2 protein chains.
Amino acid sequence: MNIYEVAKKAGVSIATVSRVINNSPNVRPETREKVEAALKELNYRPNAIARSLAANTTKTIGVLASDVRDSYYANAVYILEQEFRMMGYDMILCNTGGELEKRKKYMGLLLEKKVDGMVFVGSVFKEKKDNTHIMDVSEVVPVVMLNSSLQGNNIYSVVCDDQLAAFKVVESLASRGHREIAYVYDVDSFSGLAKLNGYYSGMQAAGLPIRQEWIIRTESGINGGYMALIRLMEMQASCTAIFTSEDILAAGILKGLLAKGKKVPDDVAVFGYNDSVLARCTTPELSTVDNKVGVLAREAARMLCKVLDGEDTPHHKIIEPELVFRESCP
Amino acid sequence: MNIYEVAKKAGVSIATVSRVINNSPNVRPETREKVEAALKELNYRPNAIARSLAANTTKTIGVLASDVRDSYYANAVYILEQEFRMMGYDMILCNTGGELEKRKKYMGLLLEKKVDGMVFVGSVFKEKKDNTHIMDVSEVVPVVMLNSSLQGNNIYSVVCDDQLAAFKVVESLASRGHREIAYVYDVDSFSGLAKLNGYYSGMQAAGLPIRQEWIIRTESGINGGYMALIRLMEMQASCTAIFTSEDILAAGILKGLLAKGKKVPDDVAVFGYNDSVLARCTTPELSTVDNKVGVLAREAARMLCKVLDGEDTPHHKIIEPELVFRESCP
DNA sequence: AATAATTGTGTAAACGCTTACAAACTATTT
DNA sequence: AAATAGTTTGTAAGCGTTTACACAATTATT
């Protein structure tokens, strides 16, 4: 079932059929009807592959994310799909696991599949050389980075101001009288560095002491949080508030505090990050930072579509996060 | 940069270049080297679109899931991607939101993009006529269904025996002395019917009374669970155990029980379903059913790959779930 | 009525591959 | 040395579209 059969049935040339399919304006109404009838009768569906080859555009976007099982990425991917689909694009999904090699490999595969653009969700590597492949890819297709950024001609980015968020968290903690605030982040933490910086500047701005042993790097997952808390307790840390880079860490910390007989928020206040479902499932419910991943994703998708449509758009957008206060720090 | 340029540089015909790329056996070693050198020097990447058009296979699988933001689907999608990638396939992701119209539309688009096969994650509609499009699609490409099934020549399925799981949950609850067991499920509950059947047969097998008012259909999400519990309390239900079709509902129920001053598991035991991250974040931690979504996804992917390779495979596989006992029903 | 401008349609050449088939070798057998 | 079989290579036809260009038909302008 191809354009030739349709053309034959409608008694026109394939060019005309193509014109009808792509509703080009210059087709006589009667001709159009004939063709449309044939189209319907034969139940014709265009072959997107052939189309892509001829038109040199696939209407497909490659999306690279670390791991959709993480609710942050899942949210991003969901909204990206929704937005792209609205604009007529499909999405090829790649889970990189945050590994450089996979990322390189997948980007290569996506180029082979001739995606029209790529969205890159997540953090960029610290080493500059580890990001050169992104620069390379951007020579071929536009790249938009979600919550990380890179300087480049054909690279666009939309980020949440995590540093500001962390600053604000510390600020509100301080305004509630907390003076000794710990920060717990995990190995793969998303923009962990930005948050850490915000923590530092927040502490400084509030005139609070910064103690290195209150800054804890732990493994990811609920267990990482639990262990971080245990470490804090073992060193007899006197902090009255704990800020984490991920809700799941905060959940582990709540668990640890419960085990140690500490009351939240009375003995210790806890602050999470991401405003994931999880934050409403713990007891007490978590205060957390809504990092607006949905907004980020929407903006990212729209940016890319604009670029692909030849419209112009700023290269960089910053979204403001919002603090959400719940029981763990009312 | 195409095969012609490579051929010119290597001083061979395009056919030979193609043979080298697809490492067909009949190429003289020296020729192969020449070509490989040219390939490397020009940094050639095959155009997958052209390849697909010529070879009539895209090495792409369409995946339809309701909503990746739900951890069940996220897990499925993650494992599917991993498995398919290992076999050299990419994945186009479609979130259907469980809507029939979207499902139809996306399946059509996937056919246009000439995917080699489809995976369908989630529940099938009750009305037979609402699933005919799946039958239609299966005339064109093989379809594998994950945790739902449909009879068809080119349709494969792998399901978790949710009915058995529910039966077992009731059984263990009964063996712990519970006689009055409520079942709470939500509107979009995944295989909610199978679970309900398991609940019924479990209650019967244990010789326990079934009361319709203990079977509660509620909205999805943590709030749905909370409201279900409130309803139960308002009708002065005397049940000592509550089984839910989703962990998130159980989380809401825990919240409700806490608000009502009930102790879990002493006053009321709670059982969830899915063994999501969430189950380890609540206080107390949730007993739940591990529905093996990872295993299901792996099997589904492998099944499809086998079909595509022309190997044969059973049309249907059943995976046994496993009960996980934690604090909410030790 | 003749000419110019506009609109509609068809022909054929791309797009970058794979692959059937034929041709040209090379190795083996007689 | 000729005949045969096997291996390696090249030629050319497809895959199903889009689209530049040419031409035909229609409409507008003089």
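These numbers come from a predicted model, not from an experiment. Chain letters run A, B, ... following the sequence lines, proteins first, then strands; residues in each count from 1.
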Check the distance between [N]'s [atom2] and [X]'s [atom1] and give it to me in whole angstrom.
X: B:N56; N: D:dG16; atom1: CG; atom2: C1'; result: 11 Å
X: B:M1; N: C:dC15; atom1: CE; atom2: C1'; result: 15 Å
X: B:K114; N: D:dT17; atom1: NZ; atom2: C1'; result: 12 Å
X: B:E112; N: D:dT18; atom1: CD; atom2: P; result: 11 Å
X: A:Y44; N: D:dT17; atom1: OH; atom2: C1'; result: 7 Å

Note to self: Return the CD1 to OG distance between B:I155 and B:S138, rounded to the nearest 0.5 Å.
What the structure shows: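 So the gap between those two atoms works out to 4.0 Å.
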Notebook entry, point to check: Which part of the nucleic acid does B:T16 contact within heavy-atom distance under 4.0 Å: base, sugar-phosphate only, or nothing?
Noted result: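 Sugar-phosphate, no base atom in range.
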Notebook entry, point to check: Looking across every strand, which nucleic acid part, if any, lies under 4.0 Å from B:I49 by heavy atom: base, sugar-phosphate, or nothing?
Noted result: nothing
Do [X] and [Y] meet the criterion of a side-chain donor-acceptor pair at a distance under 3.5 Å?
X: B:N56; Y: B:R51; result: no
X: B:K114; Y: B:T57; result: no
X: B:N131; Y: B:R103; result: yes

Note to self: Would A:R85 pass as a cation-pi partner of B:Y106, given that its NZ or CZ must be under 6.0 Å from the six-membered ring centre and within 45 degrees of the axis?
What the structure shows: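 Yes - A:R85 lies over the ring of B:Y106, closer than 6.0 Å to its centre and within 45° of its axis.
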Next item on the list: Using the ring of A:F84 (Phe, Tyr or Trp, six-membered ring only), decide whether A:R302 places NZ or CZ under 6.0 Å from its centre and within 45 degrees of its axis.
Entry: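 No - A:R302 does not lie over the ring of A:F84 by the 6.0 Å and 45° rule.
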Got a list of side-chain donor-acceptor pairs under 3.5 Å for residues 308-319 of chain B, not counting sequence neighbours?
unit_1 : atom_1 : unit_2 : atom_2 : d
B:H315 : NE2    : B:N153 : O      : 2.8
B:H316 : ND1    : B:S157 : OG     : 2.5
B:K317 : NZ     : B:E299 : OE1    : 2.7

Taking only side-chain nitrogens and oxygens of [X], does any of them come within less than 4.0 Å of OP1 or OP2 of [N]?
X: B:N47; N: C:dC15; value: no
X: B:N22; N: C:dT18; value: yes
X: B:S18; N: C:dT18; value: yes
X: A:Y4; N: D:dC15; value: no

Next item on the list: Run the salt-bridge test on B:D90 and B:K59 with the 4.0 Å N-O cut-off and return the result as yes or no.
Entry: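 Salt bridge flag = no for B:K59 with B:D90.
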Notebook entry, point to check: Does NZ belonging to A:K102 count more than 12 external heavy atoms closer than 6.0 Å?
Noted result: yes
Margin query: Near DNA chain D, counting only heavy atoms under 4.0 Å, which residues of residues 24-37 of chain B show up?
Written below: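 When residues 24-37 of chain B is checked for heavy atoms under 4.0 Å from DNA chain D, the hits, listed by number, are B:N26, B:V27, B:R28, B:T31.
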Note to self: Judged by each residue's nearest nucleotide on DNA chain D, which is more toward the 5′ side, B:G11 or A:I3?
What the structure shows: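 The residue mapped nearer the 5' terminus is B:G11.
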Check nucleotides 20-23 of chain C for protein N or O atoms closer than 3.5 Å to its own N or O atoms and list the pairs.
none

Notebook entry, point to check: If you check every side-chain atom of A:R51, which of D:dG10, C:dC17, D:dT18 has the closest atom?
Noted result: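 Closest of the options to the side chain of A:R51: D:dT18.
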